[in-house]
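Notes follow once the structure below has been shown.
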Amino acid sequence: MKQADRDRLKVLHEVEKGHLGQKEAGEQLKLSERWVRKLASRLRKEGDGGILHRLRGRASKRRITEAVREKAVKLVKREYGDFGPTLAAEYLAEKHGVKISKETLRKLLMEAGVWKRQRRRVEEIHMWRARRACRGELVQWDSSHHDGLEGRGPKLYLLAMIDDATSQAWAGFAEHDTTEENFLLLGNYLTPWGRPVDFYTDKHSLFTVNRPARRAEDEAGPEAWTQIGRALRELGIGWIAAHSPQAKGRVERFFGTAQDRLVKGLRQARVGNLEEARQYLEQEYLPLWNRRFTVDAANPTDGHRRLERTHDLAAILSHVEERGVGHDYTLQYHQRRYQIARTDIRPGLRGATVRVEERGDETVWVRFRHHYLSVQVCDPPTRPNPLPARPGVKKISPAPTGSKPRNWMEGFQLGNSQPVWKVIKQETGGWAPDQGKGSAGGVGR
């Protein structure tokens, strides 16, 4: 009898003496009250041995013989050495009729030196996430660089947006994955459908400012926005960052399908340039996708919000920077100076900060508070002509690159220099000391 059996026997004797109730005994032994009554009945009928397990001392029906052990290890060494215990146990049972559990086989292989215990790595688990209920509640946004034209033209980027609830997609081709191209895609999405609640993207520098980690968690820093982040904030659209490609798996699977179906369709249509690729995408592939691969939303309510009158897409979807106005009512932007028209000068403008918008048509708009100002490019100031060199003055040439600095007294000899009065006479043709000999007052006269 083991020590655990002796402890159980002591508690059951207390129950028989009436010193302990069956419920309290079950709590101590971690057994149910029904099982305590059954053990107490066995104790009265069979004595102390009645509490032992009925299978104690019997041979296990699942026990494998030594011959089976040797056969299993031999087969694994010969045929399934790199399968691993789990897959090897399945093959042994199916092809050779040797039924052995994977854990038993793992133990046998470790004893034979065939299998080595591996430390289990902590893997990141991506939990399944249900679709959003309403269309327009969440839209995944990403880009893919794939040679869709297969060498018949330039390598193109596929910029795509896909609704999380219905898998409805909108996409476009571009030669470069830039802010301007993504602004064009965003404008084409917002115009027919409206503003979604949230966009779900990766942490690309187009969407977020990737800065180095701060030294302290509570260290304050200026809030920085990318151009797309600023536009989404002005439109009242939320932004959610995905921490892995698997998190935005819906748009990733859209790209996987496009790299198969879209590439083959472009090949059959003999598309060889950007314009033809865009035309095929809008007229053939996207209607096919939205007809065959979309589903109905769980809630028929559309989550898109209409664009308000205050949402000027031309101004919002532009490159925006802030500039200071000088005392002469000019501002500097991209190596150009702009002059504000006199009729648009208003109180508080001088020295203030204005909003400069470079729109898609490459025009520059300047806004102060809620008013747009008329500006024009100033002519660069002309530099004054340099003064002419004095006659007889030798221009000093700069020292050659890499040479040692010259000493200003180098080559100077006082005996070889002319007297000052002779130099003045040669330059001015005027008074000389020999002209004043014998006079009483000299220069003062």
Side-chain angles (χ1 to χ4, degrees), residues 124-144 158-174 177 179 181-204 206-208 225-258 261-262 281-317:
E124 187 177 0
I125 301 176
H126 300 279
M127 302 298 294
W128 177 83
R129 179 181 61 83
R131 292 175 179 265
R132 295 297 177 97
C134 300
R135 174 178 171 270
E137 188 176 352
L138 181 69
V139 177
Q140 298 187 16
W141 183 359
D142 201 1
S143 61
S144 173
L158 180 60
L159 314 180
M161 296 178 177
I162 185 169
D163 185 72
D164 188 78
T166 62
S167 293
Q168 188 176 13
W170 179 256
F173 276 119
D177 187 13
T179 301
E181 295 292 346
N182 281 273
F183 270 156
L184 181 61
L185 178 71
L186 178 59
N188 294 335
Y189 180 93
L190 297 176
T191 301
W193 292 342
R195 297 176 296 144
V197 179
D198 293 308
F199 273 115
Y200 197 47
T201 71
D202 54 14
K203 297 181 180 179
H204 195 275
L206 292 174
F207 304 102
T208 181
W225 297 86
T226 63
Q227 293 294 328
I228 296 180
R230 183 236 355 125
L232 295 181
R233 183 180 58 171
E234 293 179 2
L235 289 168
I237 302 175
W239 174 74
I240 303 175
H243 300 292
S244 65
Q246 294 83 356
K248 49 183 180 61
R250 208 169 306 286
V251 70
E252 295 292 345
R253 288 188 290 272
F254 172 82
F255 289 139
T257 306
R261 288 177 173 266
L262 181 57
L281 178 66
E282 296 177 6
Q283 298 180 3
E284 299 291 339
Y285 184 76
L286 288 179
L288 172 66
W289 172 274
N290 293 327
R291 184 174 61 253
R292 294 190 55 184
F293 301 105
T294 56
V295 297
D296 295 331
N299 191 335
T301 305
D302 192 354
H304 288 98
R305 299 158 294 167
R306 63 184 181 88
L307 291 170
E308 303 294 341
R309 297 180 61 184
T310 56
H311 294 143
D312 186 3
L313 288 183
I316 296 175
L317 304 181

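Because only heavy atoms are used, hydrogens play no part in the values below, and waters and symmetry mates are left out as well, while side chains stay in.
- Counting only heavy atoms from C-beta outward, the side chains of W193 and R306 never approach each other to under 4.5 Å.
- Ion pairing between a basic and an acidic side chain is recognised when a charged N comes within 4.0 Å of a carboxylate O; D302 and R135 show such pairing.
- The shortest distance between side-chain heavy atoms of R131 and L138 does not fall below 4.5 Å.
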> Can you check side chain to side chain donor-acceptor pair (under 3.5 Å) on W289 and T294, steps first, answer last?
Replying inline: CA-CA 7 Å; W289 172 274; T294 56; over 6 Å; no
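- Rounded to the nearest 0.5 Å, atoms CZ (F254) and CG (L158) are 5.5 Å apart.
- Aromatic rings of F207 and W141 (six-membered ring for Trp) have centroids within the 6.0 Å cut-off, being under it.
- The distance from the CG atom of L190 to the CG atom of L317 is 7.0 Å, given to the nearest 0.5 Å.
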Which atom pairs, one a donor and one an acceptor, fall under 3.5 Å between side chains of residues 307-315 and the rest of the protein, sequence neighbours left out?
from: H311; atom 1: ND1; to: E308; atom 2: N; distance (Å): 3.1
from: D312; atom 1: OD1; to: A314; atom 2: N; distance (Å): 3.4

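- For the residue pair D163 / T166, a side-chain donor-acceptor distance below 3.5 Å is found, with atom types taken as modelled.
- Atom CE of M161 is separated from atom OG1 of T201 by 10.0 Å, given to the nearest 0.5 angstrom.
- A distance of 9.0 Å separates CG in N182 from NE2 in H204, rounded to the nearest 0.5 Å.
- The side-chain heavy atoms of E282 and P287, taken from C-beta on, include no pair separated by under 4.5 Å.
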